[in-house]
Structures are given as structure tokens and as C-alpha cells.
Amino acid sequence: MRKMQAADFLYKKIVAMSYPFFIDDTIGEIERFRAEANLLLNGIKGTDAVIGIFDHHNYTPVLEVGEKEFWGDLPEVPQAERMIQIMSLLEKEYLLFFTESVKWFTGVLEEIPFDQRMNIQIFHCGIRYKLLDGKPICLFSKGSPIHYDENRKFNYTFNYVQNINHLLKKNFRHYWIRISHGENNDYVHTFNSQDKLYSDKDLLSAREKEILKLIADDLDTKEIAEKLFISMNTVGNHRSNMIDKLGVRDTTSLVQMAKMAGII
């Protein structure tokens, strides 16, 4: 009960932050989106995921597909109370996630020039919850606006959420956020909860991305070193640094996470 009360207070604070920024819009053809979401989820069965549409103006999901399998046997609640219910499952060191992310997110969106306000993609990684049955889960999410108004503002995002507990290190107790936008997603903004740093630079450097792309192309350390005219130790150091930055368990998880988050 105490966790629900704390979540309710938190939710009201976040709605107050979101409400003035996002447009008051309506969405049509919700059943078409539901059908599309079901098709997508059927194509990725076994990945422990939920797909839906999120209303940023009122800060609540308006559509969820796969939510019962994902979140477990939660009591039925009105739509307006859904986020309160989900917030009550947060592990205690992540209680600031929603307020920090919304404050940063709205600030970033306000600063994006009109001509760059397109192809917006929002990635969150590393938010930890504990389900009612005690199962720990760690979330990765990707959100993309469904449509923009004439000022290229939006209200709804089509969201994909996956449990990535198997990809992240158990002792990685932070989260990061990445936003990309522009015609070719050339512009990036990031936030890391560990140091509370807001940045217009990507999570990985240009050199790290170059090496990671070669790793993804199945080149080994020796081949990468020869191709880039650097030492094998340098390749190894870059690999270790990338693993630490994204909080992943190993090189395989590193490649997978970088692709999921649009980094490579």
C-alpha cells in the first residue's frame, strides 16, 4: 500500500510536468494499431516483450499488447491508474527515473529546431522492476511518434518494451536514455543516471562505433587492429570501455544492445 501511495504521488508530479508540453490530441483507428501490435508480437514470441501506444499528454498507456505475460498477474485497474501500478513495481534506487527522464525529455524536445524535428526515436535502457512474484526484470524500450502536427509536435508514441535482464550486468545499477532525430537520425542526445550528465554526444565515441561495426561484421581483434592500424590492446580497451558504458555482460550483448538502440 505504501508503494502504491508513493507511486501515486510520483505519477501526479510527472503528469504535471508532461501535460503542458505535449499536444492534446486524439488517436483514431485504435483497433488497427492493436491488430498491428499483435502481428508484431507474434513475430517476436519468446522475447519477453510488450508493445503498445503511450499517451504522453496524460502519461499513460492507451494500448498494451502482451502486457499480462510481461508484467504478470496484476489486478485490473482503470487506465488512468495503470502507470501508478507499474511505478509501484520499481526497485527503490530507480524511483527518480520517471521524473528525471520526463524533465530531460521535454527539455530536449523543446530545443530541437523545427527542421530537425523528424524521425524522433527514444530509447531507455536499464530500468529495473520487481514483479509481484519476486521476478526481477530490467527494461529496454524504444518509442517512435505515431504522427506529428503542423508544428511537428506529437502526443502518442508506438512503444516496444523488452526485458533485457539477460543482457545487462547484475551490478549495473544505472540507466541511460538516448534520443536520435533528424532526416538520417544524425542528431543525438543522451542522459546517464550514474553521473546525471546530459549530453549532445552519443553514448559511444566515433572510434568506438567504428570498432563495434567491425566486431558486428565478425572481424576478430587481430583483423580489426590491422584494418585500423592500431594495436590489439587498443582494440581490447575500446571493447571493454564500450561494455562498461552500456552496462552489458559481454561482446555479444554489446553488439545486440548497440543495434537495438540505433547506435550502429
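For reference, positions follow the sequence shown, starting with 1.
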[X] versus [Y], closest heavy-atom pair with distance:
| X | Y | result |
| --- | --- | --- |
| Tyr59 | Met87 | CE2-CE, 3.9 Å |
| Ile243 | Thr251 | CD1-N, 4.0 Å |
| Leu131 | Ile137 | CD2-CD1, 3.8 Å |
| Tyr129 | Ile86 | CE2-O, 3.5 Å |
| Thr60 | Gln79 | OG1-O, 3.0 Å |

Has Arg117 got its NZ or CZ under 6.0 Å from the middle of the six-membered ring of Tyr148, at an angle within 45 degrees of the ring axis?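 Checked: cation-pi criterion not met.
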Are side-chain N/O atoms of [X] and [Y] paired as donor and acceptor at under 3.5 Å?
| X | Y | value |
| --- | --- | --- |
| Arg82 | Gln85 | yes |
| Asn155 | His56 | no |
| Asp55 | Asn58 | yes |
| Asn237 | Thr234 | no |

Would you indicate whether [X], at its atom [atom1], is surrounded by more than 12 heavy atoms from other residues, nucleotides or ligands within a distance under 6.0 Å?
| X | atom1 | result |
| --- | --- | --- |
| Asp218 | CG | no |
| Lys196 | NZ | yes |
| Asp133 | CG | yes |

Measuring only between side-chain heavy atoms, which start at C-beta, is Asp186 closer than 4.5 Å to His181?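 Sidechains of His181 and Asp186: no contact.
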Compare all side-chain heavy atoms of Arg249 with those of Phe172 and state whether any distance is below 4.5 angstrom.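 Not touching, per the 4.5 Å side-chain cut-off.
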Run through Thr221, Asp250, Asp244 and flag the one making a side-chain contact (heavy atoms from CB on, under 4.5 Å) with Arg239.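 Only match with Arg239 under side-chain contact (heavy atoms from CB on, under 4.5 Å): Thr221.
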Could you check, using the six-membered ring where one of them is a Trp, whether His189 and Tyr187 have ring centers closer than 6.0 angstrom?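 Judged by ring-centre distance (under 6.0 Å), His189 and Tyr187 do not meet the cut-off.
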Is the distance between the ring centroids of Tyr175 and Phe97 under 6.0 Å?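 Yes, the ring centres sit under 6.0 Å apart.
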Under-4.0 Å salt bridge between [X] and [Y]:
| X | Y | answer |
| --- | --- | --- |
| Lys68 | Asp73 | no |
| Glu93 | Arg128 | no |
| Glu226 | Lys222 | yes |
| Asp48 | Lys135 | yes |

Could you list the residues that satisfy salt bridge (charged side-chain N to carboxylate O under 4.0 Å, His left out) with Lys170, not counting sequence neighbours?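 If we apply the salt bridge (charged side-chain N to carboxylate O under 4.0 Å, His left out) test to Lys170, skipping adjacent residues, there are no hits.
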Between side-chain atoms of residues 118-125 and protein atoms elsewhere (two or more places apart, or another chain), which donor-acceptor pairs fall under 3.5 Å?
residue : atom : partner : partner atom : Å
Asn119  : ND2  : Gly182  : O            : 3.1
Asn119  : ND2  : Glu183  : O            : 2.9
His124  : ND1  : Ser141  : OG           : 3.3

Rounded to the nearest 0.5 Å, how far does CH2 of Trp104 lie from CG of Leu197?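 Result: 12.0 Å between the selected atoms.
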Out of curiosity, Ser253 OG to His166 NE2, how far, rounded to the nearest 0.5 Å?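 Reported to 0.5 Å precision, the distance equals 7.0 Å.
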Tyr94 side-chain N/O to Arg173 backbone N/O, donor-acceptor pair under 3.5 Å: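 Here the side-chain-to-backbone pair exists.
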I'd like to know whether Ile164 forms a side-chain contact (heavy atoms from CB on, under 4.5 Å) with Met260, so could you lay out the CA-CA distance, the side-chain angles of the two residues, the decisive distance to 0.1 Å, and finally the verdict. CA-CA 11 Å; Ile164 54 162; Met260 290 169 62; 4.0 Å; yes
Glu208/Lys245 under salt bridge (charged side-chain N to carboxylate O under 4.0 Å, His left out): CA gap, chis, key distance, verdict: CA-CA 11 Å; Glu208 288 170 337; Lys245 286 180 179 181; 2.9 Å; yes
Once ring-ring contact (aromatic ring centres under 6.0 Å, His included) is applied, do any residues pair with Trp176, and if so which ones, sequence neighbours excluded?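 With sequence neighbours excluded, Trp176 shows a ring-ring contact (aromatic ring centres under 6.0 Å, His included) to no residue whatsoever.
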